[in-house]
Amino acid sequence: MCWRTSSRTLVAAILLFLPLSCTRISGPATVEEGGLTVERLDQLGSVPAAYGELISVTDHPTYAGETLLWFHDDAGTVRIVRYHQNRNRLSPIVLVISRSMGGM
């Protein structure tokens, strides 16, 4: 009978702490296939002011119901944030286009 109580306590403890182990940790930007950098948008209800000025709004060429929001910061970096109209939310994946110092 004692082992049942211990097993139940262990299972209860695991279930209690399981959500903490699945908490997303914001990591560094990653480079996707093709060479563009991808960042994660932590708050899906707003765009960070550090992304800069909104310079363009376009419809996604492939997916109806998605809008691309183009931002340009002071360093010349362009970030593309997707807005899902049907779900009324921003995508957590942000495409980053950095300016290089090299010539063509």
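- Annotation: side chain of Phe71 is not in contact with side chain of Val78 (no heavy-atom distance under 4.5 Å).
- For the pair His84 and Leu90, the minimum side-chain heavy-atom distance is 4.5 Å or more.
- At a threshold of 4.5 Å between non-hydrogen side-chain atoms, the residues Val38 and Val96 do not count as touching.
- Taking the centre and axis of the six-membered ring of Tyr51, the NZ or CZ atom of Arg79 falls inside the cone set by 45° and 6.0 Å.
- Under a hydrophobic-cluster definition in which Ile, Leu, Val, Met, Phe, Trp and Tyr are linked whenever side-chain heavy atoms come within less than 4.5 Å, directly or via other members, Val47 and Leu54 are assigned to the same cluster.
- Contact annotation: the side chain of Glu66 never approaches that of Gln85 to less than 4.5 Å [non-hydrogen atoms, C-beta and beyond].
- Residue Val57 is grouped with residue Val94 when hydrophobic side chains (ILVMFWY) are merged at heavy-atom distances under 4.5 angstrom, including chains of intermediate members.
- Under a hydrophobic-cluster definition in which Ile, Leu, Val, Met, Phe, Trp and Tyr are linked whenever side-chain heavy atoms come within less than 4.5 Å, directly or via other members, Ile55 and Leu95 are assigned to the same cluster.
- Shortest non-hydrogen contact noted between Ser91 and Leu41 is O-CD2, 3.7 Å.
- Annotation: side chain of Tyr83 is in contact with side chain of Asn88 (closest heavy-atom distance under 4.5 Å).
- Using a 4.5 Å cut-off on side-chain heavy atoms (C-beta onward), Leu68 and Asp59 make no contact.
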Practice problem: I would like to know whether Thr58 and Trp70 meet side-chain contact (heavy atoms from CB on, under 4.5 Å); could you show each step before the answer? | Solution: CA-CA 8 Å; Thr58 59; Trp70 298 69; 3.1 Å; yes
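- Donor-acceptor pairing under 3.5 Å is lacking for the side chains of Glu53 and His72.
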Quiz prompt | side-chain contact (heavy atoms from CB on, under 4.5 Å) evaluation trace for Arg40 with Ile93 | solution = CA-CA 5 Å; Arg40 290 205 60 82; Ile93 306 299; 3.4 Å; yes
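- Here Thr77 contributes atom OG1 and Ile97 contributes atom CD1; the two are 10.0 Å apart, rounded to the nearest 0.5 Å.
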